[in-house]
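Let me begin by presenting the structure, written as structure tokens, before commenting on it.
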Amino acid sequence: MTSLFVSEQRPQDDAEIDQLLDLTFGIARRTKTSYRLREGNVAAKALSLTVREEGFGIAGSISFWPLLIGEAQTPAILLGPLAVHPEKQSRGIGKILLQESLSRAQEMRHKLVLLIGDAPYYLRAGFTYVPTGQIDMPGPVDPTRLLYLELVAGAMSAAYGLALPPFRWRDINALRAATSH
Ligand SMILES: CC(C)(COP(=O)(O)OP(=O)(O)OC[C@H]1O[C@@H](n2cnc3c(N)ncnc32)[C@H](O)[C@@H]1OP(=O)(O)O)[C@@H](O)C(=O)NCCC(=O)NCCS
């Protein structure tokens, strides 16, 4: 049995993680709406993890990104990408990454997790479909792939409207303040 090590992503892991993501999702991944929510955003460091396998390198990775939703600017975190190297899939690495990161998120008092991904995989981990029209994204999203998980019961009821990275809402708020007089 080979040893697996879970650790926080480090800047020096970026190139290896990028290669892993190109391998699992293809290079067209960068055109997806979820990337609009990541560009210019800063990953949630303590939640963005890798699994290393002895003698192999990074076998899987997961990242999270802060978001604010709607005019109420309700905080949430966007899960993704979650990727496991094709040679290492179906050995529980995805499950380890999900369980460890979500348990950390709960400890850190995050309340709500969103993701755009394969429902059959994430429904098994406790995620649910976002009700149609409740959350808008800055690009097209297949509603059957837009999912959420409450880390605090009822958190989803405060999340209505457009999801954007915090810096985009700061820009919007500043523009509104500047044009309101
Ligand atoms: C999806 C992914 C992260 C799962 O990680 P993993 O380490 O392979 O998964 P686990 O070992 O934790 O779980 C394996 C189980 O998930 C199932 N599974 C894997 N990918 C799935 C998918 N896209 N949809 C539904 N079920 C899936 C497997 O069939 C397996 O089922 P079983 O336990 O009944 O045999 C990984 O397979 C991956 O990176 N895939 C390529 C990218 C991708 O398709 N991502 C889709 C999510 S956005």
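Atoms within each ligand, like the ligands themselves, are counted from 1 in listed order. Scope of the values below: all heavy atoms of this structure, side chains included, with no hydrogens, waters or symmetry mates. Predicted model, so just to flag it, every value in this text is computed and none were measured.
Each of the atoms 39 (O) of ligand 1 lies under 4.0 Å from some heavy atom of Ala83. For ligand 1 and Pro120, the ligand atoms under 4.0 Å from any heavy atom of the residue are 25 (C). Counting the atoms of ligand 1 from 1 in the order shown, those under 4.0 Å from a heavy atom of Gly117 are 48 (S).
A salt bridge does not link Arg52 to Glu8: none of the charged side-chain nitrogens sits closer than 4.0 Å to a carboxylate oxygen. Between Arg168 and Glu39, none of the side-chain N atoms (NZ, or NE/NH1/NH2) sits under 4.0 Å from a carboxylate O, so this pair counts as no salt bridge. One finds no salt bridge joining Glu150 and Lys111 here, because no Lys/Arg side-chain nitrogen approaches an Asp/Glu carboxylate oxygen to under 4.0 Å. Salt-bridge check for Arg29 with Asp18: passed, with a basic side-chain N closer than 4.0 Å to an acidic carboxylate O.
Here the CG-CZ distance, from Asp118 to Arg145, works out to 4.5 Å after rounding to the nearest 0.5 Å. Note: Leu79 CG to Leu102 CG = 6.5 Å, rounded to the nearest 0.5 Å. Atom CZ of Arg10 sits about 14.0 Å away from atom OG of Ser48, to the nearest 0.5 Å.
For atom 33 (O) of ligand 1, the nearest non-hydrogen atom of the protein is Arg124 NH2, 3.2 Å. Nearest protein heavy-atom contact of atom 3 (C) of ligand 1 is Leu82 CG, 3.6 Å. Among all protein heavy atoms, the one lying closest to atom 11 (O) of ligand 1 is Gly92 N, 2.6 Å. The protein non-hydrogen atom at the shortest distance from atom 29 (O) of ligand 1 is Ser90 OG, 4.5 Å. Shortest contact from atom 41 (C) of ligand 1 to any protein heavy atom: Gln89 NE2, 3.6 Å. Protein heavy atom closest to atom 13 (O) of ligand 1, with residue, atom name and distance, is Tyr121 CE1, 3.7 Å.
Residue contacts with ligand 1, taken as heavy atom pairs separated by less than 4.0 Å, involve Arg91 solely via the backbone atoms N, CA, C and O.
Inclusion of Lys95 in the set of residues having an N or O under 3.5 Å from an N or O of ligand 1 is warranted. Looking at Phe25 next to ligand 1, no N or O pair under 3.5 Å apart turns up. Some N or O of Gly94 is nearer than 3.5 Å to an N or O of ligand 1, by distance alone. Between Arg145 and ligand 1, a contact under 3.5 Å exists for no N or O pair.
Side-chain atoms of Asp14 and Gln9 form no donor-acceptor pair, as typed in the model, at a separation below 3.5 Å.
Remark: among candidates Val84, Ile93, Asp118, the nearest residue to atom 22 (C) of ligand 1 is Asp118, based on non-hydrogen atoms.
The minimum heavy-atom distance linking Tyr121 with Leu82 is given by the pair CE2-CD2, 3.9 Å. Shortest non-hydrogen contact noted between Leu98 and Ala125 is CD1-CB, 3.9 Å.
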